[in-house]
Amino acid sequence: MIDDLDPVIHVPKRLAAMAVLANAPSVSFRFLKDHLRLTESDLSKQMSTLESAGYVSAAKDGHGRGSSTTYRITKAGQHAYERHCAALRALIGGS
Amino acid sequence: MESIEVAEQLKAAERGAAAPYVDYPPTPWWYAPSVGAWVAAMIGTFTWWRENAGLFVGSLVALIAVEILFITWMRRRHGALPMPGKGTPPVEIAGVWRGYAAALPVIALLVAAAWLLGGVPAAALAGFVLVTAGLAVYERRYAVAAAKTRARLQ
């Protein structure tokens with residue numbers, strides 16, 4: 001049960017980001033920043049970690065000041081997120 | 001692991017999951033009548049189907065292009081536009097979506113009846129009125145459901 005907890009997603013900021021990403025086809029950097037109430041640098045760091053784990057993919061539209069970054073959850077990310085949430089629910093049920 | 005920490009994690013996940021559904025910019029006033037006009041134009045296009053294949057295809061392509069541009073704009077404006085089939089909407093929103101899905105065939109039947117009784121112009125008018133009014137009702141119900149969800153997850 002506790003082995004199913006994913007150390008990458010277990011960090012609350014990243015768990016909340018994954019929850020948002022699991023519920024929309026794509027999510028903008030601005031939406032995540034506003035919802036999670038993070039600074040740009042902190043959000044960039046958290047999203048880089050999720051990208052490195054293969055849980056999200058990023059796409060950039062445009063260049064310079066008008067550019068925007070959007071994120072999508074990958075299949076591996078979706079699977080990891082569901083598994084992590086199931087483990088959390090199991091822990092609550094068993095506690 | 002402390003159960004309170006686990007409960008907080010689950011709550012954070014639930015809030016994040018609900019965010020695309022309940023954190024959205026205000027719907028512009030022209031949204032419902034524009035979609036109503038789009039449906040009326042789509043119905044009107046079928047008039048040209050019988051009279052002019054070129055105009056029919058051209059209108060259809062233009063209307064589909066407008067729809068794609070509109071969805072792209074909506075997605076950028078919202079930042080995390082939820083789509084049916086992706087994710088799990090909060091129970092309050094799911095109820096509103098079920099109502100929306102149930103209303104669609106009813107509106108289609110009413111538009112078809114108008115078509116049979118009054119031809120394409122009557123169907124286009126019925127499409128405009130029913131879709132505009134239906135969307136306005138849907139938007140109000142959605143806003144109430146979103147407010148309830150936000151209150152529950154506070």
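In this text, all values refer to a predicted model and were calculated from it rather than measured experimentally. Chain naming here is simple, since letters A, B, ... match the order of the sequence lines and numbering starts at 1 in each.
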* Heavy-atom distance under 4.5 Å to chain B: side chain of A:Leu36, backbone, both or neither? ->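 For A:Leu36, there is no contact with chain B at all, as no heavy atom is under 4.5 Å.
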* To do: List the steps, then state whether ring-ring contact (aromatic ring centres under 6.0 Å, His included) holds for A:Tyr55 with A:Tyr71.
  => CA-CA 10 Å; A:Tyr55 291 170; A:Tyr71 296 96; over 10 Å; no
* **Which portion of B:Arg75 sits near chain A, non-hydrogen atoms under 4.5 angstrom** =>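 The side chain, not the backbone.
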* Are A:Asp61 and B:Arg76 close enough for a salt bridge, meaning some N to O gap below 4.0 Å? ->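 Counted as a salt bridge, because a side-chain N and a carboxylate O are separated by less than 4.0 Å.
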* To do: Run the salt-bridge test on B:Glu14 and B:Arg152 with the 4.0 Å N-O cut-off and return the result as yes or no.
  =>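 A salt bridge is present here (some side-chain N lies under 4.0 Å from a carboxylate O).
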Residues 121-139 of chain B, side-chain donor-acceptor partners within the protein, below 3.5 Å, at least two apart:
| from | atom 1 | to | atom 2 | distance (Å) |
| --- | --- | --- | --- | --- |
| B:Thr132 | OG1 | B:Phe128 | O | 2.7 |
| B:Tyr138 | OH | B:Trp97 | NE1 | 3.1 |
| B:Glu139 | OE1 | B:Thr27 | OG1 | 2.9 |

* Structure fact -> Comparing B:Ala12, B:Ala13, B:Gly85 against chain A, the one with the most heavy-atom pairs below 4.5 Å turns out to be B:Ala13
